[in-house]
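When reading the values below, keep in mind they use all heavy atoms of this one structure, side chains included, and skip hydrogens, waters and symmetry mates. Order of the sequence lines sets the chain letters (A, B, ...), proteins ahead of strands, with each chain counted from 1.
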Amino acid sequence: MIDILQFEFMQNAILSSLLVSIICGIIGTLIVINRMVFIAGGLAHGSYGGVGLALYLGIAPMLGATLFALTLSFVIALLAYKNSSRIDAIIGALWAFGMAFGIILSDLTPGYNVDLMSYLFGAILSVSSEDLMHIGIVLTLVCLFVCFYYQQLVAMSFDMEFAKLRGVPTRALYFILVALIALCVVVTIRAVGLILVIALLSIPPYIAEKFTHSIAGMMAFSTLLSALFSLSGIFLSYMYDLSSGATIIAVATTVFFMQLLSEKVFKY
Amino acid sequence: MKNDIIIENLNFNYDGTPVLKDVNLTYDVGDFLSIIGPNGGGKSTLLKLMIGLLSPSSGSILVFGKKPQEISQRISYVPQDTHVNKNFPISVRDVVLMGRLSKSKKLFGHSAKDQKIVEQMLEKVDMLPFANNSISALSGGQRQRVFIARALASEAEILFLDEPTASIDTSGQIAMFKLLKSLNKTVGIVIVSHDINVALNYATKIAHVDKTLYMHDAPIPQNTTLFDAQRTSKQHVCPVEIICATRCNHIHKELS
């Protein structure tokens with residue numbers, strides 16, 4: 001078993017899954033407590049437009065996805081912060097627009113696009129050291145943001161109006177938060193793909209929330225769960241020759257259903 | 001008369017529909033102002049305008065001589081219980097610490113002074129024993145007390161409360177108003193309430209808001225002793241008796 005750790009691709013996969021777990025633990029917690037799961041889903045799928053655009057223009061797909069997702073995040077933050085009553089419909093439209101735009105542009109791109117599936121379903125076993133660097137940069141940004149503004153973020157998430165009255169710059173924090181969700185989603189795409197990223201952002205915090213009494217605790221516990229799901233997913237996918245992204249999510253959802261079930265059983 | 005809040009010719013429209021029309025009001029921090037009125041009459045909107053979460057369509061609101069947004073450090077707010085995220089994993093102490101946030105707040109941690117003020121405020125609302133409990137484990141009335149402690153922790157001069165007793169039974173409401181009445185010795189209290197009977201009995205000024213605003217002085221005599229007796233007696237708190245006790249010969253000025 002230990003011998004698989006000697007492969008560089010396996011070392012990269014494990015390292016990237018651990019780093020992505022920290023990002024998802026922190027950002028996923030903020031997504032869940034702010035009820036922004038749908039926003040994260042919109043950004044994940046919408047960012048596919050950026051992949052298509054990058055293929056068409058011949059630039060790096062991850063760069064395209066990053067810039068496209070950041071643009072989308074600005075539009076969504078603008079609409080969501082004003083609390084537009086139809087924000088869910090608008091995000092739904094942006095969600096579909098991004099995917100359609102990406103597919104059409106990749107249709108228009110000459111040549112055969114081998115890599116497309118890896119953006120949809122992830123390819124953690126083929127993470128390059130360049131990818132690892134991207135993940136590291138996003139992790140640094142996320143950690144800095146949360147360390148500096150922890151109290152303000154918690155106050156804003158708990159009660160936006162009260163935070164605003166106490167002089168917390170809620171508008172700026174909200175825009176930065178949505179932008180960081182966009183970055184987080186893009187780097188997590190490498191691990192589990194854009195279709196499955198939403199599970200890694202919502203399942204660990206959902207379970208962690210039930211066992212913790214503070215946001216910091218929820219972030220830490222979510223990180224541990226994410227890491228557990230990712231590592232066992234990678235191991236199982238290697239053992240049984242399955243898709244890594246889908247296996248990671250299968251592990252996460254199995255634990256999720258077991259938790260739901262045990263909650264029902266112990267309640268009655 | 002200092003007139004700490006002055007509202008002149010205030011109008012507020014929401015999506016083109018007038019919600020508040022030509023509202024005038026003066027308020028002094030010594031007063032206990034109850035804002036009553038029908039649902040959808042604009043009570044909460046008026047409160048949000050006074051604390052600067054909304055801006056008037058026309059007219060002016062001055063709090064301590066300035067726009068509410070400019071003096072937000074001198075006022076504080078207790079929200080409606082219904083809009084609070086009840087499953088949020090946070091302790092009572094950390095909720096009250098939010099009251100210590102400010103524009104100039106340093107980025108890491110809280111000072112020993114902040115911690116001390118938080119404990120004093122929890123003590124004031126009888127919630128100190130619950131300081132380390134999770135907010136989700138509290139009852140509606142307890143949670144409301146924690147939010148009052150949070151508002152007090154910002155050392156504001158006026159407390160604005162939006163329906164603080166909406167999810168509390170009559171006995172709990174009386175306890176809440178007694179607490180607010182005692183706090184009123186040091187801070188101004190402005191409260192939106194639809195529990196007219198209890199609200200009238202503790203207020204010194206009453207604003208009836210139904211698109212426009214009618215000011216009333218509190219009905220005299222107030223019968224707080226009966227309310228206290230109701231609370232201390234071990235028998236049930238009788239809403240009927242409370243309604244009878246607060247019945248007064250109040251007549252609208254324009255009708256008389």
- Task: List the steps and the verdict of side-chain contact (heavy atoms from CB on, under 4.5 Å) for Val154(A) and Asp94(B).
- Result: CA-CA 9 Å; Val154(A) 172; Asp94(B) 285 346; over 6 Å; no
- Message: With a 4.5 angstrom heavy-atom cut-off, is it the side chain or the backbone of Ile51(B) that approaches chain A, or both, or neither?
- Response: both
- Message: Give the interface residues of residues 21-40 of chain A toward chain B, defined by a heavy-atom separation under 4.5 Å.
- Response: Ile33(A), Arg35(A)
- Option in Ala151(B), Gly99(B), Ser91(B), Ala156(B) with maximal non-hydrogen atom pairs under 4.5 Å from chain A: Gly99(B)
- Query: Is it the case that more than 12 heavy atoms not belonging to Glu70(B) sit under 6.0 Å from its CD atom?
  - Reply: yes
- Contact listing (chain B partner; residues 208-216 of chain A; heavy atom under 4.5 Å): Glu209(A), Thr212(A), His213(A), Ser214(A), Ile215(A)
- Message: Which label fits Phe88(B) and Phe158(A): parallel for a plane angle under 30°, tilted from 30 to 60°, or perpendicular past 60°?
- Response: perpendicular
- Here the gap from Met218(A) atom CE to Ile90(B) atom CD1, rounded to the nearest 0.5 Å, amounts to 11.5 Å
- Message: So for Val95(B), is it side chain, backbone, both, or neither that comes closer than 4.5 Å to the heavy atoms of chain A?
- Response: side chain
- Message: Quick check on the structure: residues of residues 164-179 of chain A within a heavy-atom distance below 4.5 Å of chain B, by number.
- Response: Lys164(A), Leu165(A), Arg166(A), Gly167(A), Val168(A)
- Item | Residue among Pro68(B), Ser76(B), Gly52(B), Ser72(B) with most heavy-atom pairs under 4.5 Å to chain A | Ser72(B)
- Task: Starting from the C-alpha separation in whole Å, work towards a yes-or-no answer on side-chain contact (heavy atoms from CB on, under 4.5 Å) for Leu101(B) and Phe162(A).
- Result: CA-CA 10 Å; Leu101(B) 286 171; Phe162(A) 187 86; over 6 Å; no
- Message: Run the ring pair (Phe, Tyr, Trp, His ring centres under 6.0 Å) test against Phe64(B) and tell me which residues pass, sequence neighbours left out.
- Response: none
- Message: Between Ser136(B) and chain A, with a heavy-atom cut-off of 4.5 Å, which part of the residue counts as in contact: side chain, backbone, both or neither?
- Response: neither
- Task: Pick whichever of Ala163(A), Ser157(A), Gly217(A) has the most heavy-atom pairs under 4.5 Å with chain B.
- Result: Ser157(A)
